[in-house]
2 protein chains.
Amino acid sequence: MDMKIQSTVPEAITELLRAHQITPTSQRVKVAGILFAEPAHFCAEQVYVRVNADDAEVSKATVYNTLGLFVARGLVRQVFVEPGKVFYDSNTKPHHHFYDTGSGELTDIDALGVALHELPPLPADTELDSVDVIVRIKRQFKTRRV
Amino acid sequence: MDMKIQSTVPEAITELLRAHQITPTSQRVKVAGILFAEPAHFCAEQVYVRVNADDAEVSKATVYNTLGLFVARGLVRQVFVEPGKVFYDSNTKPHHHFYDTGSGELTDIDALGVALHELPPLPADTELDSVDVIVRIKRQFKTRRV
DNA sequence: GTTAGACTTAGAACAATTCTAAGCCTATAA
DNA sequence: TTATAGGCTTAGAATTGTTCTAAGTCTAAC
Ligand SMILES: [Mn+2]
Ligand SMILES: [Mn+2]
Ligand SMILES: [Zn+2]
Ligand SMILES: [Zn+2]
């Protein structure tokens with residue numbers, strides 16, 4: 001069963017964490033509250049800023065620890081689109097991404113199921129881990145009418 | 001025209017660089033010699049080590065400058081599969097990758113042309129830059145016969 | 001109440017990359 | 001020939017994102 005948060009009610013979040021074998025500390029609940037308010041793509045720094053929007057209460061180390069834990073428990077998934085910055089994606093359903101190379105924004109693409117069909121066989125003695133499709137896009141040059 | 005190196009003959013490399021508006025300095029020819037000996041996936045550090053296999057003659061700064069220049073001129077392409085490490089791919093034909101999460105090895109997959117067909121329309125006012133497909137694989141668990 | 005283990009934290013350490021600013025090389029112009 | 005200018009290379013410093021360390025805090029069970 002694929003649990004999803006309906007509201008930002010702390011109890012629901014607490015539940016979600018417990019369901020994934022994570023003891024719901026106040027810091028973890030805060031981080032989860034940000035990630036699961038809606039499907040989103042945040043980097044660690046963005047989570048850190050949001051989680052401390054009022055007063056600073058969660059350290060950067062804890063943000064990283066928590067994100068790492070959520071990844072390990074499958075609550076969140078990492079997306080690599082650029083060197084030196086990881087995005088944490090609270091949509092864990094199989095899907096792909098548009099990446100706007102100008103703004104750095106990620107947008108979801110529903111999984112196609114098609115790419116897989118046409119894949120060559122995996123190398124010997126290996127099994128599939130995941131398929132990531134990143135469609136890099138850029139803002140269009142102003143085209144002059146011909 | 002899509003020029004490719006047949007041998008490691010310096011003259012051919014010099015030609016290739018000139019054809020891409022790059023003045024062929026000794027350092028650039030060395031770096032190109034490593035990248036284009038055969039299609040390969042190197043990170044900057046690997047290029048640095050290889051280029052200085054005998055005696056140290058090319059600085060790390062120059063390796064990065066050169067790789068950046070080759071990317072800008074389309075001689076080489078970057079692949080992002082992990083945070084904090086860029087691979088430089090001397091195969092610039094459209095293609096995709098297997099990524100062995102255990103060994104960190106990249107293997108080419110001939111472009112399918114399929115993923116594209118099933119893509120949703122691009123967001124408004126954007127144009128396609130590139131499509132990267134990364135198939136993450138892992139060494140198979142020893143399966144016991146049932 | 002104690003205690004053990006899990007959790008959090010500030011700051012140091014780290015790794016990949018980029019920047020800086022000074023020297024070098026080479027092609028052309030005097 | 002020698003000067004000059006631009007592009008190129010370089011060592012090392014700086015930056016960035018992330019992980020590590022070691023000490024303190026919390027909490028749940030005894
Ligand atoms: Mn997503
Ligand atoms: Mn490749
Ligand atoms: Zn779930
Ligand atoms: Zn070419």
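Note that the structure is a prediction, hence the values are computed from the model and not measured. Naming convention: chains lettered A, B, ... in sequence-line order (proteins, then strands); numbering from 1 in each chain.
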Anything under 3.5 Å between a protein N or O and an N or O of nucleotides 20-26 of chain C, put it in a table, one pair a line.
none

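- When each of D:dT10, C:dA16, D:dT19 is scored by its nearest atom to the side-chain atoms of B:Lys85, the top-ranked nucleotide is C:dA16.
- Atom pair A:Gln21:CD and C:dA6:C1' shows a separation of 16 Å (rounding to whole Å applied).
- Comparing atom distances between the A:Lys60 side chain and each of C:dT8, D:dT18, C:dT17 picks out D:dT18 as nearest.
- No side-chain donor-acceptor contact under 3.5 Å links A:Arg28 and A:Thr62.
- A side-chain N or O of A:Glu82 and one of A:Tyr99 form a donor-acceptor pair less than 3.5 Å apart.
- Taking 4.5 Å as the limit, some side-chain heavy atom of A:Glu57 sits within range of a side-chain heavy atom of A:Lys30.
- Ring pair A:His41/A:His97 is perpendicular by interplanar angle, where above 60° counts as perpendicular and below 30° as parallel.
- Between the CG atom of A:Leu35 and the CD1 atom of A:Ile13 there is a distance of 9.5 Å, given to the nearest 0.5 Å.
- As judged by a 4.0 angstrom heavy-atom cut-off over every strand, B:Glu82 is placed among residues making no nucleic acid contact.
- Regarding A:Arg18, its CZ atom lies at a distance of 15 Å from the C1' atom of C:dA6, rounded to whole Å.
- Look at A:Glu45 and A:Lys85 and you find no salt bridge, because none of the NZ, NE, NH1 or NH2 atoms lies under 4.0 Å from a carboxylate O.
- Ionic pairing of A:Asp100 and A:Lys138 is not present here: no N-O contact between side-chain nitrogen and carboxylate oxygen is shorter than 4.0 angstrom.
- Position along DNA chain D of the nearest nucleotide to A:Cys43 versus B:Val63 favours B:Val63 as the more 5'-ward residue.
- Taking atom CD of residue A:Glu57 and atom P of nucleotide D:dC26, one finds them 13 Å apart after rounding to whole Å.
- In this structure, the CZ atom of B:Phe42 is 20 Å from the C1' atom of C:dT17, given to the nearest Å.
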Polar atom pairs between nucleotides 4-8 of chain D and protein, under 3.5 Å, N or O only, would you list them?
unit_1 : atom_1 : unit_2  : atom_2 : d
D:dC8  : OP1    : B:Thr23 : OG1    : 2.6
D:dC8  : OP1    : B:Arg28 : NH1    : 3.2

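- A close approach under 4.0 Å does not occur between any side-chain nitrogen or oxygen of B:Ser59 and OP1 or OP2 of D:dT9.
- The side chain to side chain donor-acceptor pair (under 3.5 Å) pairs that include a residue from residues 124-136 of chain B are A:Asp132-B:Arg136, A:Arg136-B:Asp132, where partners are two or more places apart or lie in different chains.
- What separates CG of B:Leu67 from C1' of C:dT18 is a distance of 13 Å, to the nearest Å.
- Taking atom OH on B:Tyr48 and atom C1' on D:dT10, their separation rounds to 11 Å, with Å as the unit.
- Side chain to side chain, A:Asp108 and A:His95 meet the donor-acceptor criterion of an N or O pair below 3.5 Å.
- Counting to the nearest Å, the P atom of C:dA16 and the OH atom of B:Tyr88 are 12 Å from each other.
- When the P atom of C:dA16 is taken as reference, atom CG of B:Asn65 falls 18 Å away, rounded to whole Å.
- For D:dT19, neither phosphate oxygen OP1 nor OP2 lies less than 4.0 angstrom from any side-chain nitrogen or oxygen of A:Tyr64.
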